[in-house]
Amino acid sequence: MDFLKSLGAARLTAMLAVTAALIGFFGFVIMRVTAPQMTTLFTDLSMEDSSSIIKDLERQGIAFEIRNEGSVILVPKDKVTRLRMKLAEGGLPKGGGVGYEIFDKSDALGTTSFVQNINHLRALEGELARTIRAIDRVQAARVHLVLPERPLFSRETPEPSASIVVRVRGALEPAQIRAIRHLVASAVNGLKPQRVSIVDEAGQLLADGTQTDIDQQVGDERRNSFEKRMRKQVEDIVSSVVGSGRARVQLSADFDFNRVTQTSDRYDPEGRVLRSSQTREEQSATNESNGQVTVNNELPGNQQNQPPQQPRDQSKKTEETNNYEISRTTKTEVTEAGRVNRISVAVLVDGAYSKNEKGELVYKERTKEELDRIAALVRSAIGFDQKRGDQVEVVNLKFADGPVVPQISEPTGFLGMLHFTKDDVMYVIELAVMMLLGIVVVFMVVRPLVKKIISTEEAAAAHNSGVPALTDETAQAQAHAQQTATMIDVAQVQGQVHAQSVHRVGELADRNPGEAASIIRQWLAEPQQN
């Protein structure tokens, strides 16, 4: 208590403040080190899903953090996998919509057919919305289906339709838009992709649900894909000659998207084949009596006594009919849409650069022979066809920005072997902080305690060796005097540190001049040691 009183209120307050700061700092470090590392459980959650997940986490007693107004939930890293599986078992997150789980708790016995149809429509819309959200760049989706029923006594069945509202990050590609339309059309019975409309959160119409729109998108995508592929081929082969980044290629392809069907019949007169043959013969003979009619000739007995007469007129007729089949070839040609009518390629190449005697880059134009060779390579790469009107132009011009020579200064010697990564830097910083804390603890806590113990032991030894008994104040003054004598030799190094100790010894000598004089006489009486 006397020691604390001798420090004074200001010094005691400073020591308490430093001690509290050290305790707080060490407590903060320990809490940060021992605290579990938090990682993301789910992102882009709706308010309904976020509320359900938080209730489940509170019921399990798991620590969590909420970010971005509840759309992001963080949990300890060692539990994230188990929590995702546990929440998935309970159907979380639902995605802000109702799926087929609507039938899990419904009472089928007391539900009318109208309510069942409405629930089926809601479930189908919710499941389609969840599937669409799984596509890249789609944050949220809402699906509306129109499934009309066939009216009574009607021969025509109304076609179903669908409308989709999506919230996206950036912009959807044409292929993604077409994929969404076909996805919804395939999931709904009788729905055609042409009957699906898509709108984004800004009210921009991405797909208007017409056949012309689909055909136009398919044609544009096919043409763009062809041009991109051909342009890359030309750039690769030209860049390998003139250098990377020293060539610019523009390619345009003219496509014909008309579908043509042609049917032609060809007859070959030389290729005859006998199909059938028919032969007919006719033969006749005529026996006449020159037209004489007499009584003698008409008598019954006279006709038998007459000699036989030879036929006077004979005729023979032969007919032959041959049927031939002429060879016939029927050819049907179907030309699908997407024929390339013409390709136009423009290639701009930079000249050659060489260093002069001063080490400067000097531009040099390429010769006509080099340009002809590059043009020949381009023609081979695109499948050049002169009959369809393909064009290839290779021009040599100086680029506005010359070639950039990279200046890489690599450290040499001892520094060249030091390649620190981010982890190495953080490790070094942690070591430095721990060393600094250790030094602070040694100088602020350990060192004063050691000094206090040493001074107490010296005072006890002096009392046991026959030194005149001193009061408490005298012992303290002697201890301080010894400490002051020991530190005077290093006063030049620690002048500001020990100035307070010297001042304190002077105050004790002013208070107790007799005891101070006796201490000094005792020092003088001690033998000098060489």
Side-chain angles (χ1 to χ4, degrees), residues 44 46-49 52 91-169 171-222 257 259 337:
D44 297 331
S46 61
M47 290 299 176
E48 294 82 0
D49 290 339
S52 302
L92 294 175
K94 297 179 181 179
V98 180
Y100 285 117
E101 66 273 4
I102 193 175
F103 297 103
D104 295 340
K105 300 180 181 180
S106 61
D107 187 6
L109 296 178
T111 305
T112 63
S113 60
F114 176 77
V115 175
Q116 287 285 359
N117 293 333
I118 293 298
N119 289 339
H120 178 265
L121 182 62
R122 292 177 59 194
L124 186 58
E125 291 176 348
E127 293 294 335
L128 288 174
R130 294 176 184 177
T131 306
I132 293 173
R133 280 197 301 272
I135 299 176
D136 188 21
R137 298 183 183 178
V138 177
Q139 288 184 337
R142 189 180 179 92
V143 180
H144 301 277
L145 297 177
V146 179
L147 306 178
E149 297 181 357
R150 180 177 179 178
L152 296 176
F153 309 106
S154 177
R155 296 182 178 179
E156 297 181 357
T157 303
E159 295 184 358
S161 60
S163 58
I164 304 173
V165 180
V166 295
R167 184 171 73 248
V168 298
R169 294 185 296 266
L172 291 177
E173 297 180 356
Q176 292 177 319
I177 297 175
R178 191 170 66 256
I180 293 174
R181 301 180 73 176
H182 283 274
L183 174 67
V184 176
S186 301
V188 180
N189 185 21
L191 181 60
K192 298 179 180 179
Q194 299 89 324
R195 303 277 296 172
V196 179
S197 301
I198 302 177
V199 183
D200 62 2
E201 74 278 6
Q204 182 180 0
L205 186 63
L206 303 180
D208 57 0
T210 60
Q211 181 68 30
T212 306
D213 176 62
I214 293 181
D215 295 339
Q216 185 68 25
Q217 288 181 0
V218 172
D220 293 342
E221 184 179 355
R222 184 172 182 179
F257 294 102
R259 190 173 184 269

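The chain is numbered in sequence order, starting from 1.
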- Message: For Glu173, give me all partners under salt bridge (charged side-chain N to carboxylate O under 4.0 Å, His left out), at least two apart in sequence or on another chain.
- Response: Arg137
- Residue list, salt bridge (charged side-chain N to carboxylate O under 4.0 Å, His left out) with Arg155, at least two apart or on another chain: none
- Heavy-atom closest pair, residues Ala187 and Leu124: O-CD1, 4.3 Å
- Task: Specify the closest pair of heavy atoms between Ala185 and Lys192, including all atoms of both residues, with the distance to one decimal.
- Result: CB-C, 3.8 Å
- Note on the structure: Asp136 and Arg169 have their tightest heavy-atom pair at OD1-NH2, 4.3 Å
- Query: Would you call Leu121 and Asn117 a side-chain contact if the rule is heavy atoms closer than 4.5 Å?
  - Reply: no
- How close do Ala141 and Ala129 get, heavy atom to heavy atom, and via which atoms? O-CB, 3.6 Å
- Message: Between Glu125 (side chain only) and Leu145 (backbone N and O only), is there a donor and an acceptor less than 3.5 Å apart?
- Response: yes
- Query: Can Val165 and Glu201 be said to form a side-chain contact (heavy atoms from CB on, under 4.5 Å), step by step?
  - Reply: CA-CA 7 Å; Val165 180; Glu201 74 278 6; 5.8 Å; no
- Query: Under the side-chain contact (heavy atoms from CB on, under 4.5 Å) criterion, do Val166 and Ile135 qualify, and how do the steps go?
  - Reply: CA-CA 11 Å; Val166 295; Ile135 299 176; over 6 Å; no
- Message: When you compare the side chain of Ile180 with that of Leu172, does any pair of heavy atoms fall below 4.5 Å?
- Response: yes
- Task: Report the distance from atom CZ of Arg122 to atom NE2 of His120, rounding to the nearest 0.5 Å.
- Result: 13.5 Å
- To the nearest 0.5 Å, what is the distance between CD1 (Ile132) and CD1 (Ile164)? 4.0 Å
- Would you say Arg181's side chain and Val196's backbone share a donor-acceptor pair under 3.5 angstrom? yes
- Note on the structure: Nearest heavy-atom contact between Ser161 and Leu191 is CA-CD1, 3.6 Å
